[in-house]
Amino acid sequence: MALEVNRVSLTFPDGNSRDYDAGVTPAEVAASIASSLAKKAISATVNGAHHDLQWPIDADASIAINTMKDEEPAVELIRHDLAHIMARAVQEIWPDTQVTIGPVIKDGWYYDFDRKESFTPEDLGVIEKKMKEIINKRDEVRTEVWDRARAIKHYEDLGEPYKVELINAIPGDEPLRMYWHGDWQDLCRGPHLQHTGQVPGDSWKLMSIAGAYWRGDSDRAMLQRIYGVAFQNKEQLKAHLNMLEEAAKRDHRKLGREMDLYHMQEEAPGQVFWHPNGWLIYTQLQDYMRRKQRAGGYVEVNTPQVVDRKLWEASGHWEKYQDHMFIVEVDEDHAREKSVNALKPMNCPCHVQVYNQGMKSYRDLPLRMAEFGSCNRYEPSGALHGIMRVRGFTQDDGHIFCTEEQIEDETAQFIAFLSEVYKDLGFENFSVKFSDRPEKRSGSDEVWDKAEAALLKATRAAGIEPELNPGEGAFYGPKLEFVLTDAIGRDWQCGTHQVDFVLPERLDANYIGSDGEKHRPVMLHRATLGSFERFIGILIEEHAGKLPFWIAPRQVVVASIISDADDYVHEVVAALKAVGVRAEADIRNEKINYKVREHSLGKVPVILACGAREVEERTVSVRRLGEKQTSVTSLTEIVTELEKSATPPDLL
RNA sequence: GCUGCUGUAGCUCAGUGGUAGAGCGCGUCAUUGGUAAUGACGAGGUCGGGAGUUCAAUUCUCCCUAGCAGCACCA
């Protein structure tokens, strides 16, 4: 047969297909359809994958040409090209800067640079201006595939060692793709736009500068990272910036002050001084959890705060976490040496001590042991964050001692338990992550295989397909993490459920089986809220301070409109208090407008105003937080209604 | 812990090489007002801590400390 060019058949979204010469690029395909499409095209989706317009197609495929109207590819390319354009701008302004990597992230992108001088906030404006110039130049974007040696030589000659290292880290003989935005070049997987002018000039913004370790390794160079956000159009950018502004108002640190919940001070970094309002939330939550746990078959214990290092050595924590423990040394008069203790950083070893008292039978299992355990961890200074990441906190901790056969059922029960609690507290959705064996760990691979398999199986049996978090498990076992997000979308692990075959071994826990022999129990570490501190922080941000009535620290303010109503106000407050509602009188000599404003800012859910009319009719004027409307209700009715609202959900 | 930024009245923030200012809040007085700020007057600060430079430091330099953003860490 004579030599002929191979043909490929491309199928379009409408189901029609057309034949092209093999090696045809999506750009050529677009041009073959319409020149207007060729102009508007930004990329293609080929067999479901995002494809550069310049990448040749060698086999039959499905194809869709993307334009700026296609949100997903458009946003992806805008952000990705902006990363390159920003890097080009930075190198044009400061040629001694070295470039590293610049990926697309949620809402935008970042790029990491190595430069002697620090970028200043003012520099962001300068860079933005240069980026706009580059966009206006409408420079062509080109791409070529290079072999490894050529690429390495290229970057060595340019004095870009980070790029050389990146290439060396790319596995095997994978071809390397090079991109040019005008004359500026970067190593990049792609795809990219056709020219810089396809990036909208006004739908993005540089946000901040921060440090970041090269390749995420704290032993390596600290680079300077510039973050940007980008969207399809100006309106979306505006909406995003507006959202951030609104989110800042929900920050628990701001609301904590405004609602007078707690404070922190220099003498006790990372530790909370709870004020009456905050402590009300805390105790309300604790009372609720205590009831739930009792109903869930847990026994509650309490264990010491200061514990000799011997126990931590036995558990393995001394070896692995000593730097993160608060050490307490005590000189004892007649002792040969100082006694060295640590504030407990967690409760598990203590719970095993309680378990180990007396003989346990298989009939005692599963033994569910709970403690509101106060812990102290010397967290790195940079990790502290309001009350969400602290050095002194209390876990709603629990350890379930059980047999291997009981793991699955106990896991399923816990997931159901946690879901109920989260729902009661206003969290319908949460993400679940599965963390498997870390590099630094105790226990044999065989034990880990068993633990991971058991936990995963139980989770799936509970109808949850967790997101995989490789290598993030605890040193003694795999973890299930229940993650909630704060006002600006940062993830926080709250609940956790962990399988542990290691600690019972190290601390010699056992039980007598039905065979009359000693056996090792499995330990399940679990916390529902995680810590009260973090959970309350999340709770405040989730509800923007407008907490569910039953958990709100201040529930009702009864405000007088005229002083002739004062006696009646006190009567209303007394009636509410009598049924367990947290009510306070406000009979200050102030106008009702003033009182309403002040208590609204204080996030009081219900304001009951009383004037001459209410006194006369034995009613109250009800104003609920967030509503402009008021309504008049009889005293007896509102007392009944608020009594019900104040009842915790588990008691309804 | 690392990089950068910040720390002035209870809060939010201005300001200056010659020991400080606003608004809100707080106190007093007047006002009894119907659903997000009534008015007048008044009190309140070793300008995060220490050292240095200087005739003089809240201001400039260095160290420490705490906070903020991100990274790293998170039993």
Side-chain angles (χ1 to χ4, degrees), chain A residues 110 112 118-121 207-227 251 253-254 257-258 260 263-270 312 315-325 344-349 375 377-386 388-390 395 435 438 440-442 472-477 479 481 488 490 492-493 496 498 500 502-503 525 530 534 559-566 587 589-602 607-614 621-623 625 627-632:
Chain A
Y110 67 75
D112 287 349
S118 299
F119 293 117
T120 65
M207 298 298 281
S208 60
I209 308 153
Y213 294 110
W214 169 234
R215 313 205 84 191
D217 184 343
S218 60
D219 291 330
R220 307 207 56 183
M222 174 62 71
L223 307 171
Q224 298 187 66
R225 176 173 296 179
I226 301 179
Y227 285 93
D251 191 311
R253 293 165 297 187
K254 181 176 157 72
R257 203 183 315 107
E258 289 171 0
D260 195 13
H263 85 272
M264 300 172 100
Q265 63 187 50
E266 199 164 338
E267 289 79 0
W312 306 116
S315 69
H317 291 95
W318 190 261
E319 186 198 342
K320 293 200 167 58
Y321 293 103
Q322 199 187 140
D323 291 348
H324 299 284
M325 290 201 255
K344 72 171 168 188
M346 29 120 66
N347 309 296
C348 7
C375 298
R377 295 179 185 175
Y378 189 75
E379 300 284 12
S381 56
L384 303 179
H385 182 92
M388 305 260 236
R389 183 85 181 266
V390 285
Q395 297 176 315
S435 302
K440 237 170 113 177
R441 61 177 183 263
S442 297
E472 296 292 316
F475 74 85
Y476 49 71
K479 293 201 290 190
E481 298 175 29
I488 64 168
R490 285 177 289 221
W492 295 93
Q493 183 205 303
T496 183
Q498 312 169 4
D500 180 3
V502 174
L503 214 52
H525 305 241
R534 177 174 296 179
S560 58
I561 294 169
I562 49 163
S563 51
D564 280 347
D566 289 359
I587 55 166
N589 181 9
E590 297 291 350
K591 290 190 172 169
I592 191 64
N593 291 324
Y594 182 89
K595 296 181 183 180
V596 165
R597 176 182 153 82
E598 188 176 280
H599 301 307
S600 299
L601 288 173
I607 298 170
L608 303 180
C610 301
R613 219 158 46 225
E614 286 76 14
S621 164
V622 185
R623 184 186 168 115
L625 186 58
E627 291 176 14
K628 288 240 155 61
Q629 236 55 36
T630 61
S631 62
V632 176

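Quick note on labels: first sequence line is chain A, next is B, and so on, each numbered from 1. Note: hydrogens, waters and symmetry copies are ignored here, and every other heavy atom, side chains too, is used.
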Salt bridge (Lys or Arg N to Asp or Glu O under 4.0 Å) partners for Arg257(A), two or more places apart: none

Sort me out a list of protein N/O and nucleotides 2-8 of chain B N/O pairs below 3.5 Å, or just none if empty.
from: rC2(B); atom 1: O4'; to: Tyr213(A); atom 2: OH; distance (Å): 3.2
from: rU3(B); atom 1: O2; to: Gly211(A); atom 2: N; distance (Å): 3.3

Residue list, side-chain contact (heavy atoms from CB on, under 4.5 Å) with Thr120(A), at least two apart or on another chain: Glu122(A), Asp123(A)

Please tabulate the protein-to-nucleotide N/O contacts below 3.5 Å involving nucleotides 43-47 of chain B, giving atom names and distances.
none

Sugar-phosphate only, base, or nothing, as touched by Leu601(A) at under 4.0 Å among non-hydrogen atoms: base

Which residues share a side chain to side chain donor-acceptor pair (under 3.5 Å) with Asp260(A), sequence neighbours left out: His275(A)

Results of salt bridge (Lys or Arg N to Asp or Glu O under 4.0 Å) for Arg613(A) - residues two or more places apart only: none

Whole-Å distance separating the CD1 atom of Ile561(A) from the P atom of rU35(B): 8 Å

Mutual orientation of the aromatic rings belonging to His385(A) and Trp492(A) [parallel < 30°, tilted 30-60°, perpendicular > 60°]: tilted

Pairing of Arg253(A) and Asp251(A) as salt bridge, 4.0 angstrom limit: yes

Glu379(A) or Glu614(A), whichever maps to the more 5' nucleotide of RNA chain B: Glu614(A)

Sugar-phosphate only, base, or nothing, as touched by Arg490(A) at under 4.0 Å among non-hydrogen atoms: sugar-phosphate

Modelled atom types, side-chain donor and acceptor of Glu614(A) and Ser621(A), under 3.5 Å: no

Pairing residues for Asn347(A) by the side chain to side chain donor-acceptor pair (under 3.5 Å) criterion, not counting sequence neighbours: Lys344(A), Gln395(A), Asp397(A)

Set of side chain to side chain donor-acceptor pair (under 3.5 Å) partners for Thr496(A), sequence neighbours left out: Gln498(A)

Could I get a table of every N or O pair under 3.5 Å where one atom is in the protein and the other is in nucleotides 38-42 of chain B?
from: rU38(B); atom 1: O4'; to: Lys591(A); atom 2: NZ; distance (Å): 3.4

Sugar-phosphate only, base, or nothing, as touched by Gly216(A) at under 4.0 Å among non-hydrogen atoms: sugar-phosphate

Sugar-phosphate, base or nothing in reach of Tyr476(A), heavy atoms under 4.0 Å: sugar-phosphate

Pairing annotation in dot-bracket form, given for RNA chain B with Watson-Crick or G-U pairs under 3.5 Å and | for cross-strand partners: (((((((..((((....[..)))).(((((.......))))).....(((((..]....))))))))))))....

Set of side chain to side chain donor-acceptor pair (under 3.5 Å) partners for Gln224(A), sequence neighbours left out: none

Non-neighbouring partners of Ala383(A) that pass side-chain contact (heavy atoms from CB on, under 4.5 Å), sequence neighbours left out: Pro380(A), Arg389(A)

Spacing of the P atoms in rA56(B) and rG15(B) (rounded, Å): 27 Å

Neighbour count above 12 (heavy atom, 6.0 Å) for Gln629(A) CD: no

Upstream residue (5' side of RNA chain B) when Lys479(A) and Arg623(A) are each assigned their closest nucleotide: Arg623(A)

Sugar-phosphate only, base, or nothing, as touched by Ala559(A) at under 4.0 Å among non-hydrogen atoms: nothing

